Amino acid sequence: MSTILIGAGGHAKVVFEALIAAGSDPTQVTVRADHEGEFMGRLVQAPECLADMRGTKSHVAIGNNAVRIRLLDRARASGSELLSVVHPDASLSPSATIGQGTFVACRAIVSSQARVGHGVIINHGAIVDHDCVIGDGTHIAPASTLGGAVLIGKNVLVGSNATILPGIEIGDDVVIGAGSVVTKSIPHGAVWIGNARIVRE
Ligand SMILES: CC(=O)SCCNC(=O)CCNC(=O)[C@H](O)C(C)(C)COP(=O)(O)OP(=O)(O)OC[C@H]1O[C@@H](n2cnc3c(N)ncnc32)[C@H](O)[C@@H]1OP(=O)(O)O
């Protein structure tokens, strides 16, 4: 069965190399995007091929959460089997689950009984500790750390190197700035930037 990588930007390069590292036959991987040109030494095909995707596996490799979910829904509706990609140097607990079309990058850790939704990115070196739940279309950016039993909604961006303390709940459509330390639960749609202040001296 041929594999279609949808996207030809920076995130797609990472997913492409992970696919190959995980054992996919490079000759069976085609790259489709809304611009033609070269991608990692191969030609990009125009996206009209997405109209009928029966008999294919596909992975949407686009960093923007909303665009990724839109194209993932389209690929599914066109009959494609949504492929999850786990880099062989990621650590995925046998008791964790990941949804369709999710990507787990090199050196990421998804720990015991974590539940990761569809179309999620767990990027390089991110830690999703035990019992975390991550909603569809969320991106856990490189080197960020979720303590145990953190609950994260849909379409969330956890910026690079952010830390979320254990048991915190994050609503849908939240953005957490790079390097932030999240010490309180965050409601839907909010933006959290920065670190906790001193509360005792
Ligand atoms: C492989 C990859 O690259 S994966 C990519 C992962 N992406 C990321 O990690 C990026 C996460 N995004 C951020 O951190 C962004 O800065 C956001 C979303 C939090 C804020 O973006 P914007 O709304 O555009 O805010 P803007 O850039 O206008 O900054 C507003 C203020 O917050 C400050 N600020 C922005 N981000 C941060 C941050 N992470 N930490 C501390 N301060 C910040 C800015 O300096 C600015 O301060 P000022 O008003 O004193 O000048």
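Read the numbers this way: they start at 1 and go in the same order the structure lists the ligands and their atoms. These numbers come from a predicted model, not from an experiment.
Judged purely by atom type and a 3.5 angstrom limit, Asp136 has no side-chain atom pairing as donor or acceptor with the backbone of Gly119. In terms of modelled atom types and a separation under 3.5 Å, the side chain of Thr56 and the main chain of Ser2 share no donor-acceptor contact. Remark: side-chain polar atoms of His188 are not paired, donor with acceptor, to backbone N or O of Gly171 under 3.5 angstrom.
For residues 146-174, the set of pairs meeting the salt bridge (Lys or Arg N to Asp or Glu O under 4.0 Å) definition, not counting sequence neighbours, is empty. Screening residues 61-73 for salt bridge (Lys or Arg N to Asp or Glu O under 4.0 Å), with sequence neighbours left out, gives Asp73-Arg76.
Within 4.0 Å of ligand 1, protein heavy atoms belong to His139, Ala141, Pro142, Gly159, Ser160, Val175, Gly177, Ala178, Ile193, listed by chain and number.
Partners of His11 according to the ring pair (Phe, Tyr, Trp, His ring centres under 6.0 Å) rule, which considers only residues two or more places apart in sequence or in another chain, are Phe103.
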